[in-house]
Protein chains: 2
Amino acid sequence: MRLVIATCSVDYAGRLAAHLPLAKRLLMVKADGSLLVHSDGGSYKPLNWMSPPCTLAASEPSAEQAEAGITELWTVTHTKTADKLVVSIYEVEHDSDHPLGIDPGLQKDGVEAHLQKLLAEQIELLGYGHTLVRREYMTAIGPVDILARDAAGGAVAVELKRRGDIDGVEQLTRYLELMNRDPHLAPVQGVFAAQEIKPQARTLAEDRGIRCLVLDYDAMRGMDDGHHRLF
Amino acid sequence: MRLVIATCSVDYAGRLAAHLPLAKRLLMVKADGSLLVHSDGGSYKPLNWMSPPCTLAASEPSAEQAEAGITELWTVTHTKTADKLVVSIYEVEHDSDHPLGIDPGLQKDGVEAHLQKLLAEQIELLGYGHTLVRREYMTAIGPVDILARDAAGGAVAVELKRRGDIDGVEQLTRYLELMNRDPHLAPVQGVFAAQEIKPQARTLAEDRGIRCLVLDYDAMRGMDDGHHRLF
DNA sequence: GATTACATATCGCGA
DNA sequence: TCGCGATGTGTAATC
């Protein structure tokens, strides 16, 4: 990984056109040739970048560009698309190279998958007498997160989200429409379960006869004996 | 901006739990206290990070940790949420600090707004004899991208996307449902226009009687005389 | 401030 | 490989 602190301006042309005015920034060149342009603030997202696979070519400025103060030009082109990034470097303050090797990678634990596992284990959160049929119940248009049966034996389809948005209601509606055509399942009751349900989503869901269920992740995790903590 | 190349392991606990095994990585500390952990590959996304507002505290390792080879501990805690990132540093290869100042920021040009402007100008792409009524035609549930009339005078509602996904079809469906209740507009024809339309979205749209239109952005831009190029 | 829609999204999984 | 859904999504515009 090469780290360059330089005063530069940047132009990008590809799926859109973008320009970064002259300023001091970090240029990070990764081993795969990709380039990230970072400022000293903002989020983890760079101001500008080129994703691999791509190639970086350094070149001398034209006489006119040199006149304007440019000492070096970096042109990064994407190998497959026509995307192009041009870094006009005026002054270099720092330049160092550090071979890092291949990273062993991130180990993740616990998101929607965890929420789904917990709800499957604590299926009576749906209501007294509910039983789990299966997780990821497959339909023609995709898997329903959880299929259960209520105390009376009626089918219950659950769509699970961390954040319950209008899209999730639409998704569940499509599943319900399809499943209600299946005589083995119909009538199928819909439950929209999420840690947080947006008011618009709730309104739409209830208008369509879909029940909303707000889940308390911490409480559900607390019920789970075998969970581990990092801290 | 402080740049540290170090052999380290990282643990994150917040909305999920994640762990990075021991390896050499770049630690980027921004002026606002945020931290990015980058490897020498992958995309622009860091392996792990903490977004501002947050605070970084360095501390000495415990006797046990020092025994394991840890020389320094960084604990980054988010100011509002309880998110926590712990970097266990074993060996530091490089450490430098570079004040960058505030970045003037990115200037973007040309996305959906541009596509909408171009389609409004080239409204006959919808079909011979079509005329523009207006862009951003307001309805009770939001603005329709383009309202036009066909050669026979019938209303045409256009939903515009860069990538035509199933969500866009749902959105247009809601607009059409509403607009078709308005006697001044009904019957309203729907057109789903995008640079690229996903097969599932196309199927859903056509099933609902919505016409699909694939737009060639480059060709449309080529028709536009006054467009500028960066290169 | 809360909500909505877009993104040069990236990432992982399953068909 | 491609399509699709989730993301510790982030970000800007709008209400």
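Below, all heavy atoms of this structure are taken into account, side chains as well, without hydrogens, waters or symmetry copies. Per chain, numbering begins at 1; letters A, B, ... match sequence-line order.
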Charged N-O contact under 4.0 Å between [X] and [Y]:
| X | Y | answer |
| --- | --- | --- |
| E170(B) | R174(B) | no |
| R135(A) | E121(A) | no |
| D103(B) | R25(A) | yes |
| K161(B) | E159(B) | yes |

Quiz item: Between H38(A) and H38(B), how do the two ring planes meet: parallel, tilted or perpendicular, split at 30° and 60°?
Solution: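 If you compare the ring of H38(A) with that of H38(B), the planes turn out perpendicular.
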
Practice problem: Give M50(A) one of three labels, base, sugar-phosphate or nothing, depending on what nucleic acid heavy atoms sit under 4.0 Å from its own. | Solution: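 If one applies the 4.0 Å heavy-atom cut-off, M50(A) turns out to touch nothing in the nucleic acid.
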
Distance in angstrom units between [X] [atom1] and [N] [atom2], rounded:
| X | N | atom1 | atom2 | result |
| --- | --- | --- | --- | --- |
| L204(B) | dG3(D) | CG | C1' | 16 Å |
| R202(A) | dT3(C) | CZ | P | 13 Å |
| Q171(A) | dA6(D) | CD | C1' | 10 Å |
| I166(A) | dC6(C) | CD1 | C1' | 17 Å |
| E159(B) | dT4(C) | CD | P | 16 Å |
| D145(A) | dG5(D) | CG | P | 11 Å |
| H78(B) | dT9(D) | NE2 | P | 11 Å |
| E170(B) | dG5(D) | CD | C1' | 15 Å |

Practice problem: Treat a base pair as Watson-Crick or G-U wobble with both distances under 3.5 Å, then lay out DNA chain D in dot-bracket form, 5' to 3', with | for cross-strand pairs. | Solution: |||||||.|||||||

Self-check item: Residue that, paired with I89(A), satisfies side-chain contact (heavy atoms from CB on, under 4.5 Å) out of L27(A), L73(A), I70(A)
Solution: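 Per the side-chain contact (heavy atoms from CB on, under 4.5 Å) rule, the option paired with I89(A) is L27(A), out of L27(A), L73(A), I70(A).
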
Quiz item: Taking for each residue the nucleotide of DNA chain D with the nearest heavy atom, is it L47(B) or Y175(A) whose nucleotide lies nearer the 5' end?
Solution: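 The residue mapped nearer the 5' terminus is Y175(A).
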
Quiz item: Which residue lies toward the 5' end of DNA chain D, K45(B) or K80(A), if each is placed at its nearest nucleotide?
Solution: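 Closer to the 5' end of DNA chain D: K80(A).
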
Quiz prompt | Those residues of residues 22-44 of chain A lying under 4.0 Å from DNA chain D by at least one heavy atom | solution =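 Contacting residues: S43(A), Y44(A).
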
Quiz item: Of the candidate nucleotides dA5(C), dT11(D), dT10(C), which contains the atom at the shortest distance from the side chain of K161(B)?
Solution: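 Closest of the options to the side chain of K161(B): dA5(C).
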
Quiz item: Out of dA6(D), dG10(D), dT4(C), which nucleotide sits closest to the side chain of S51(B)?
Solution: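 Nearest nucleotide to the side chain: dG10(D).
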
Quiz item: Under 3.5 Å, is there a donor-acceptor pair between the H98(A) and K24(B) side chains?
Solution: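 Looking only at side-chain atoms, K24(B) and H98(A) do not form any donor-acceptor pair under 3.5 Å.
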
Quiz item: Do the non-hydrogen side-chain atoms of D32(A) and D40(B) ever get within less than 4.5 Å of each other?
Solution: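 No. Closest side-chain heavy atoms not under 4.5 Å.
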
Quiz item: Is there side-chain contact between S9(B) and P21(B), with heavy atoms separated by less than 4.5 Å?
Solution: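 Side-chain contact under 4.5 Å: no.
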
Quiz item: Any side-chain N or O of W49(A) under 4.0 Å from OP1/OP2 of dT10(C)?
Solution: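 True: W49(A) side-chain N/O within range (under 4.0 Å) of dT10(C) OP1/OP2.
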
